[in-house]
Amino acid sequence: MLFQDQVRRTVAFIQEKWGNAQPAPIGIVLGTGLGSTADFLQECEEVEYSKLPGFPCSSVQSHASKLLRGLAGNRTILALSGRPHLYEGLSAREACFGIRVLGELGVRTLVLTNAAGALNPRYETGSLMLLSDHINLTGQSPLTGQNNEDWGDRFPDMSRTYSAKLRELALELALKMGIRMEHGVYAQVCGPQLETPAETRMIRMLGADAVGMSTALEAICARHMGMDVLAFSCLTNKNLPDCMAETTHAEVVDVASKATGNLARLLTAILPIMEQPA
Ligand code: HPA
């Protein structure tokens, strides 16, 4: 079966379950430890990925694996709570299956969240970083293979991956709400191993402020479909090549879970007022 047909089969299943009368123009992906951020959704319905035909499921325990539909203000939001990753053995295209599903369900604006290691020495553990750009260091692309012209161009532009307007709105709200918000460049690696000091030094030298294992590929996929993208990293650990502290996955999950309060407050404020792309 063609990849786009697999996506459409999942979409048809969801539409049959939930009906497709209510348009859901906004989507969000909740990353590692951020699943409980879904508290910002009211009247939430959910379906496990494992119940969705063809949907890749995450094997990592700290990752919830369900699609949510709920309200923020009077807007319907679709949320992917948990995401599959390359390190589970998926191709980039498969890892972005959920983004394609959201696009087919009518999502025009996508908010991506993740846990990431801070590379910028000025950025503190537990703070949030707004992504201004990314570096895809995975050597892979979700656009590899035959292009589906219904989704987007063969060679999509990436000069403005993260919407300047939405970033401005997020910064303005964060300032008003007293939430510390860093901004910077996110580098995506394949993982699952964390970086060595030499790799950390290299990635910082390339111009990244944070490093993680998910978001660049999803942003590429979303931009391919013409969505506006806004993305936040929760900085769960600090990676300084000259004094590398040991990092455990448990710590990453713990810090991300503690930082969800501010992210949830910000999402509650921003989701109902985000402008849609033309
Ligand atoms: N490196 C890569 N991915 C991560 C890290 C990190 O230090 N922290 C959380 N996700």
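Just so you know, ligand 1 is whichever comes first in the structure, and atom 1 is the first atom listed for that ligand. What you see below is based on every heavy atom in this structure, not just the backbone, and it leaves out hydrogens, waters and symmetry mates. Sequence positions, counted from 1, serve as the residue numbers for this chain.
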Exercise for review: Using a 4.0 Å heavy-atom threshold (strictly under), name the region of Asn239 that reaches ligand 1: side chain, backbone, both or neither.
Suggested key: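 The answer is the side chain of Asn239.
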Query raised in the report: Where's the contact between Leu194 and ligand 1, heavy-atom distance under 4.0 Å: side chain, backbone, both or neither?
Result: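 The answer is the side chain of Leu194.
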Check your understanding: Checking side-chain hydrogen bond (donor to acceptor under 3.5 Å, both in side chains) against Arg100, which of Gln6, His224, Glu94 comes through?
Key ->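 The residue from Gln6, His224, Glu94 that satisfies side-chain hydrogen bond (donor to acceptor under 3.5 Å, both in side chains) with Arg100 turns out to be His224.
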Checking a contact table here: which protein heavy atom is nearest [atom], and how many Å away?
atom: atom 8 (N) of ligand 1; value: Asn237 OD1, 2.7 Å
atom: atom 2 (C) of ligand 1; value: Glu195 OE2, 3.4 Å
atom: atom 9 (C) of ligand 1; value: Thr236 OG1, 3.5 Å
atom: atom 4 (C) of ligand 1; value: Val211 O, 3.6 Å
atom: atom 5 (C) of ligand 1; value: Gly117 N, 3.4 Å

Just by modelled atom types, is the Ala208 backbone N or O under 3.5 Å from a matching donor or acceptor in the Arg204 side chain?
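A pair under 3.5 Å: yes.
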- Going by atom types only, do Thr161 and Arg223 share a side-chain donor-acceptor pair under 3.5 Å?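 Checked: Thr161/Arg223 side chains show no N/O donor-acceptor pair below 3.5 Å.
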Identify whether NZ of Lys or CZ of Arg in Arg93 sits under 6.0 Å from the centre of the six-membered ring of Phe3 and within 45° of that ring's axis.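 Positive - Arg93 is close enough to the ring of Phe3 and near enough to its axis.
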task = Measure from atom 3 (N) of ligand 1 to every heavy atom in Cys234, Gly212, Ala210, Ala115 and give the option owning the shortest one.
result =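 Checking each option, the heavy atom nearest atom 3 (N) of ligand 1 is found in Gly212.
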Query - Atoms in ligand 1 flagged as close to Met213, the criterion being non-hydrogen separation under 4.0 Å - result: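 The list of qualifying atoms is 2 (C), 3 (N).
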Do Asp209 and Met129 touch side chain to side chain, with heavy atoms closer than 4.5 Å?
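Counting from C-beta outward, Asp209 and Met129 do come under 4.5 Å.
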*Neighbour count >12 (heavy atoms, 6.0 Å) for atom CD, Glu168*: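 No, CD of Glu168 has 12 or fewer neighbouring heavy atoms, counting only those of other groups under 6.0 Å.
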Exercise. Got a second to check how far Tyr49's OH is from Ser81's OG, nearest 0.5 Å?
Worked result: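 Answer for the OH-OG pair, Tyr49 versus Ser81, is 6.0 Å.
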